[in-house]
Peer 1: 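I'd like to ask some things about the structure below.
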Amino acid sequence: MALEQILLGMGNPLLDISAVVDEDFLTKYDIKPNNAILAEDKHLLMYDEMSSNYNVEYIAGGATQNSIKVAQWMLQVPGATSYIGSIGKDKYGEEMKKNCRLAGVNVQYYEDDKAPTGTCAVCVVGGERSLVANLSAANCYKTEHLKQPENWALVEKAKYYYIAGFFLTVSPESIQLVAEHAAANNKVFTMNLSAPFICEFFKDVQEKALPYMDYVFGNETEARTFSRVHGWKTENVEEIAIKISQLPKASGTHKRITVITQGADPVVVAEDGKVKLFPVILLPKEKLVDTNGAGDAFVGGFLSQLVQEKPIEDCVKAGCYAANVVIQRSGCTYPEKPDFH
């Protein structure tokens, strides 16, 4: 089967603890709306408080894992995708394994026996989500696991790779190994800017991976932060997308394409020094459940067509379709079968 294990994702598997909360909760824990941060000491009590005081749902998540599961769902070919990351030896880890395998993803977790499986508080207010990730075991990923023959075989088998920028905080050396393999073998390596704090505080490791990126995904806030950090003195998303696509590349096989989503505004795609805009599927406000996973779903939909070598228009359409499905549901979840044509 041509699509078997064609796409490999690597990232931080997190169990989403998702709940609709109120403004006071955000204020109490100093959380900005529609942002993504790593948990600090002041956040550690919020997980229990959410579980006790709000109606919570547990969903196997983490940015890369979400995208890979959505791509798998869109492809409807068992085992078309693989995923690598680190979990704890606990019930949350078991739940994650079960959830991903049921979704048809070939998962190879590193299981850490000291740290618990990572969690992510998804605080939903007015449909907008704020994420606070407590990485725990996800932070313990070891390059040695990647180098084990059965895991490296997944790297060799895949032709497309996707890693969210969040993994730069955990194992930049694993990213580098996969990136260099992709460049040396004319494969397609893709990453996501993922969050403003990655562009700001992990700039050096991000810059090391950038030359290998054939596709760079992100949203408008991340793009503007990237621009500011690089001293570009522009807030114009289209201009920034072009500039990112023109940064130096490690391999000349593929040109770099930048794909920036802007919520309800058109998707910006920059390649060859030009920009194309693609409208998203607009959703009436009353149908919006929460935006958690919208960006991840967009990437998953996009990749599902990219691995089939479809034109960029089809990739963006599939991305918009997947994001539209996910924002009408709680967390990054979807119906049994896609209805994408």
Peer 1: Are the side chains of I17 and Y58 in contact, using a 4.5 Å heavy-atom criterion?
Peer 2: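 Yes, their side chains come closer than 4.5 Å.
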Peer 1: Counting only heavy atoms not in K159 (residues, nucleotides, ligands), do more than 12 fall under 6.0 Å from its NZ?
Peer 2: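 Counting neighbours around NZ of K159, 12 or fewer heavy atoms of other residues, nucleotides or ligands fall under 6.0 Å, so no.
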Peer 1: If you take the centroid of each ring, where Trp contributes its six-membered ring, are Y212 and F189 closer together than 6.0 Å?
Peer 2: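 No.
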Peer 1: Write down the atom of A264, the atom of V280, and the distance for their closest heavy-atom approach.
Peer 2: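 Of all heavy-atom pairs spanning A264 and V280, the closest is O-CG2, 3.3 Å.
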Peer 1: Assess the residue pair K276 and E271 against the criterion (salt bridge (charged side-chain N to carboxylate O under 4.0 Å, His left out)); give the C-alpha distance rounded to whole Å, side-chain angles, the decisive distance to 0.1 Å, and a yes or no.
Peer 2: CA-CA 8 Å; K276 279 187 186 156; E271 63 175 309; 5.1 Å; no
Peer 1: Determine, step by step, whether D214 and K187 satisfy the salt bridge (charged side-chain N to carboxylate O under 4.0 Å, His left out) criterion, reporting the C-alpha distance in whole Å, the side-chain angles of both residues, the deciding distance to 0.1 Å, and the verdict.
Peer 2: CA-CA 9 Å; D214 299 310; K187 296 174 174 186; over 6 Å; no
Peer 1: Looking at K97 and E94, is any side-chain nitrogen of the basic one under 4.0 Å from a carboxylate oxygen of the acidic one?
Peer 2: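 A salt bridge is present here (some side-chain N lies under 4.0 Å from a carboxylate O).
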Peer 1: Output yes when a side-chain donor or acceptor of R129 lies under 3.5 Å from a complementary backbone atom of A294, and no otherwise.
Peer 2: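 Between the backbone of A294 and the side chain of R129 there is no qualifying donor-acceptor contact (under 3.5 Å).
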Peer 1: Check whether any side-chain heavy atom of V205 sits under 4.5 Å from a side-chain heavy atom of Q176, and report yes or no.
Peer 2: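 With C-beta onward as the side chain, the pair stays apart.
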Peer 1: Is there side-chain contact between F302 and V267, with heavy atoms separated by less than 4.5 Å?
Peer 2: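 Sidechains of V267 and F302: no contact.
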Peer 1: Indicate yes or no: at least one non-hydrogen side-chain atom of L8 is less than 4.5 angstrom from one of V155.
Peer 2: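 L8 reaches V155 side chain to side chain.
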Peer 1: Hydrogens and angles aside, do H43 and N134 bring a side-chain donor and acceptor to less than 3.5 Å of each other?
Peer 2: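 Per modelled atom types, H43 and N134 side chains form no pair under 3.5 Å.
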Peer 1: Quick check on side chain to side chain donor-acceptor pair (under 3.5 Å): which of T81, T64, N192 does Y162 satisfy it with?
Peer 2: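 The side chain to side chain donor-acceptor pair (under 3.5 Å) with Y162 is passed solely by N192 among T81, T64, N192.
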Peer 1: Is T258 reaching over with its side chain to a backbone N or O of I242, donor-acceptor style, under 3.5 angstrom?
Peer 2: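 Flag not set: sc T258 to bb I242 has no pair under 3.5 Å.
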Peer 1: Going by heavy atoms in the side chains, are I59 and C332 under 4.5 Å from each other?
Peer 2: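 The answer is no; the side chains never approach within 4.5 Å.
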Peer 1: Which atom names give the shortest non-hydrogen contact between P13 and I87, and what distance separates them?
Peer 2: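 Here P13 and I87 meet closest at CG-CG2, 3.8 Å.
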Peer 1: Mark yes or no for whether S51, through its side chain, and Y47, through its backbone, hold a donor-acceptor pair below 3.5 Å.
Peer 2: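 Yes, S51 side chain to Y47 backbone: donor-acceptor pair under 3.5 Å.
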Peer 1: For the pair Y110 (side chain) and L146 (backbone), establish whether a donor and an acceptor sit closer than 3.5 Å, ignoring hydrogens and angles.
Peer 2: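 No: the side chain of Y110 does not pair with the backbone of L146.
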Peer 1: Taking all non-hydrogen atoms of both residues, which atom of N66 and which atom of G61 are closest, and how far apart?
Peer 2: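 It is OD1-CA, 3.4 Å.
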Peer 1: Does Q108 reach the side chain of Q148, with side-chain heavy atoms less than 4.5 Å apart?
Peer 2: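 Q108 vs Q148: side chains apart.
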Peer 1: Inspect the surroundings of NZ in K203 and state if more than 12 heavy atoms from other residues, nucleotides or ligands are less than 6.0 Å away.
Peer 2: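 Atom NZ in K203 is crowded, with more than 12 foreign heavy atoms closer than 6.0 Å.
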Peer 1: Compute whether any side-chain donor of one residue and acceptor of the other, for S86 and D112, lie under 3.5 angstrom apart.
Peer 2: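 Per modelled atom types, S86 and D112 side chains form no pair under 3.5 Å.
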Peer 1: Between P266 and L277, what is the shortest heavy-atom contact and its length?
Peer 2: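 So the minimum-distance heavy-atom pair works out to CB-CB, 4.1 Å.
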Peer 1: Quick one: does F217's side chain get under 4.5 Å of S67's, heavy atoms only?
Peer 2: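 Side-chain contact under 4.5 Å: no.
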Peer 1: Quick check: closest heavy atoms across F166 and A195, and the distance to 0.1 Å?
Peer 2: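 Shortest heavy-atom separation between F166 and A195 comes out as CE2-CB, 3.6 Å.
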Peer 1: In this structure, are over 12 heavy atoms from other groups packed under 6.0 Å from K142 atom NZ?
Peer 2: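 Enclosed: over 12 neighbouring heavy atoms sit under 6.0 Å from NZ of K142.
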